[in-house]
Enquirer: 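One structure coming up, written as structure tokens, with questions to follow.
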Amino acid sequence: MIWSLQVLRFIAAMMVVYLHAALTAYQATGSSGIFPPMIQVAGTAGVDIFFVISGVIITRTARGLTWQQFAWKRIRRILPMYYLASIPAALIAAKSGFGWRETIATVTLWPAFDQMAAPVLPAAWTLCFEMLFYGAATLVLVNRRLLPAILGVFAFSLAFRSTAPIFQFLGNPIILEFMIGVALAYAPLIKVARWGILVGAFAIVAAGPLGIAPDGNTLDFLIGEDAFQRVAVYGIPAGLVVYGTMQVNAGKSVWTYLGDASYTLYLFHTVPISALLTLWIFYPLPPDIIIAVGVAASLLLSWRIHEKFEKPLLRIFTASRASTSSSISLR
């Protein structure tokens with residue numbers, strides 16, 4: 001475990017939480033607070049940092065595992081909490097209705113049909129790509145000779161993205177951010193690379209004022225609208241930040257604990273923020289207070305869910321897998 005990357009995971013999650021809290025403050029008051037929107041939009045890059053970190057971590061943790069072990073570790077880590085977070089999202093989405101495509105996309109995290117469809121939990125668009133990456137990694141563990149074929153599918157899909165949703169998904173340029181992480185997993189440790197943290201962070205923050213920050217909604221992200229721009233503007237700087245962070249020696253601390261809880265924070269942070277928006281519309285507060293309260297409420301709720309649900313579920317699934325493996329070995 002690279003503990004410094006655990007800390008960075010928390011920071012990346014907080015970037016997304018802050019952005020959504022700021023957007024909520026703007027909806028409630030018409031003001032974004034002390035920082036202008038062109039600066040706040042940098043929170044979008046938290047997702048890109050997540051993707052690069054995933055490339056690093058999965059590449060390193062997959063070593064020495066069978067494909068079954070790897071697949072089970074990813075499934076138990078991602079799906080239980082995702083399905084739990086999807087319950088309130090589905091209840092809210094049911095008021096306006098959603099179709100069979102969205103239903104299948106929610107259950108399977110596969111969004112490409114005759115047209116692109118997003119899961120009912122908006123944040124889950126990132127998990128569609130995470131699961132796609134995990135699937136590719138699993139195939140490589142089954143047989144390393146499949147790697148050229150996998151890269152070939154990506155290249156073919158990239159070339160024919162305009163022809164069908166399946167190619168838009170499989171050939172989405174944002175997948176390159178995972179590949180950046182894979183490359184960094186094999187990169188040597190160089191202390192001077194710590195400067196990448198500052199350089200990458202500056203590039204991310206400067207994208208808004210320079211007018212080059214990518215924009216879009218959930219479907220745009222799945223389709224890959226302006227995804228090459230996103231990789232250039234956020235993906236490469238995210239790679240610099242991740243590589244720089246890899247040079248930092250860190251041990252277990254409260255920050256790594258928060259990093260471990262960052263997945264729950266990412267999945268559930270919109271619940272308190274959205275709930276509080278209704279209150280703030282009728283009883284508006286200063287925007288910076290709205291942002292602070294929204295972030296604090298997200299942290300508090302996610303911490304309790306992490307302790308009461310995520311950690312027990314992980315223990316149950318880990319024990320279940322260990323029991324099954326022992327049973328098989330005794331036969």
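Every heavy atom of this structure was used, including side-chain atoms; hydrogens, water molecules and symmetry mates were not.
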Enquirer: On the ring face of Tyr186, is Arg63 found with NZ or CZ under 6.0 Å from the centre and within 45° of the axis?
Expert: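 Yes, cation above the ring, under 6.0 Å and within 45°.
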Enquirer: Taking it one step at a time, do Leu109 and Leu79 satisfy side-chain contact (heavy atoms from CB on, under 4.5 Å)?
Expert: CA-CA 10 Å; Leu109 289 172; Leu79 292 185; 4.0 Å; yes
Enquirer: Could you check, using the six-membered ring where one of them is a Trp, whether Tyr266 and His20 have ring centers closer than 6.0 angstrom?
Expert: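 For Tyr266 and His20, the ring centres are not under 6.0 Å apart.
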Enquirer: Tell me, with the steps shown, if Tyr263 and Tyr82 meet side-chain contact (heavy atoms from CB on, under 4.5 Å).
Expert: CA-CA 9 Å; Tyr263 179 53; Tyr82 160 65; 3.6 Å; yes
Enquirer: Could you check whether any side-chain N or O of Thr256 sits under 3.5 Å from a backbone N or O of Gly259, counting only pairs where one atom can act as donor and the other as acceptor?
Expert: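 Pair absent, no side-chain N/O of Thr256 close to backbone of Gly259.
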Enquirer: How about CH2 on Trp303, more than 12 heavy atoms from neighbouring residues, nucleotides or ligands closer than 6.0 Å, or not?
Expert: no
Enquirer: With Gln168, which residues qualify under side-chain hydrogen bond (donor to acceptor under 3.5 Å, both in side chains), at least two apart?
Expert: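 Result, side-chain hydrogen bond (donor to acceptor under 3.5 Å, both in side chains) vs Gln168: none returned.
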Enquirer: Please determine whether a side-chain nitrogen of the Lys or Arg among Glu310 and Arg77 lies less than 4.0 Å from a carboxylate oxygen of the Asp or Glu.
Expert: yes
Enquirer: Would the distance check show the side chain of Ser4 and the main-chain N or O of Thr245 forming a donor-acceptor pair, the cut-off being under 3.5 Å?
Expert: yes
Enquirer: With sequence neighbours excluded, what pairs up with Arg304 under the salt bridge (charged side-chain N to carboxylate O under 4.0 Å, His left out) test?
Expert: none
Enquirer: Please identify each residue that fulfils ring pair (Phe, Tyr, Trp, His ring centres under 6.0 Å) with Phe221, with sequence neighbours left out.
Expert: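 Testing Phe221 for ring pair (Phe, Tyr, Trp, His ring centres under 6.0 Å), a comparison that skips the adjacent residues, returns Trp125.
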Enquirer: Just one of Phe133, Phe178, Tyr234 clears the ring pair (Phe, Tyr, Trp, His ring centres under 6.0 Å) bar with Phe51, so which one?
Expert: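 That would be Phe178.
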Enquirer: Judged by atom type as modelled, is there a donor-acceptor pair below 3.5 Å linking the side chain of His269 to the main-chain atoms of Leu265?
Expert: yes
Enquirer: Once ring pair (Phe, Tyr, Trp, His ring centres under 6.0 Å) is applied, do any residues pair with Phe268, and if so which ones, sequence neighbours excluded?
Expert: none
Enquirer: What verdict does the side-chain contact (heavy atoms from CB on, under 4.5 Å) test give for Phe113 and Ile104, after you've listed the backbone C-alpha separation in whole Å, the side-chain angles of each residue and the deciding distance to 0.1 Å?
Expert: CA-CA 10 Å; Phe113 305 95; Ile104 296 176; 3.6 Å; yes
Enquirer: Below 4.0 angstrom, N of the basic side chain to O of the carboxylate: do Asp114 and Arg101 qualify?
Expert: yes
Enquirer: Looking only at heavy atoms, what is the nearest atom pair of Pro173 and Arg161, with distance?
Expert: CD-NE, 3.8 Å
Enquirer: Please find the pair of heavy atoms, one from Pro284 and one from Thr29, that lie closest to each other, and give the distance.
Expert: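 Distance-wise, the nearest heavy atoms are CB-CG2, 4.3 Å.
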Enquirer: If we only count heavy atoms from C-beta on, is the Glu130 to Ser54 side-chain gap below 4.5 Å?
Expert: yes
Enquirer: Taking only residues two or more places apart in sequence, or in another chain, which ones meet Phe160 in a ring pair (Phe, Tyr, Trp, His ring centres under 6.0 Å)?
Expert: Phe156
Enquirer: I would like to know whether Leu258 and Gln6 meet side-chain contact (heavy atoms from CB on, under 4.5 Å); could you show each step before the answer?
Expert: CA-CA 8 Å; Leu258 291 170; Gln6 278 290 81; over 6 Å; no
Enquirer: Give me the other members of the hydrophobic cluster that Val248 sits in, counting Ile, Leu, Val, Met, Phe, Trp and Tyr linked by side-chain heavy atoms under 4.5 Å, directly or via other members.
Expert: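 Reading the cluster by chain and number, Val248 sits alongside Ile197.
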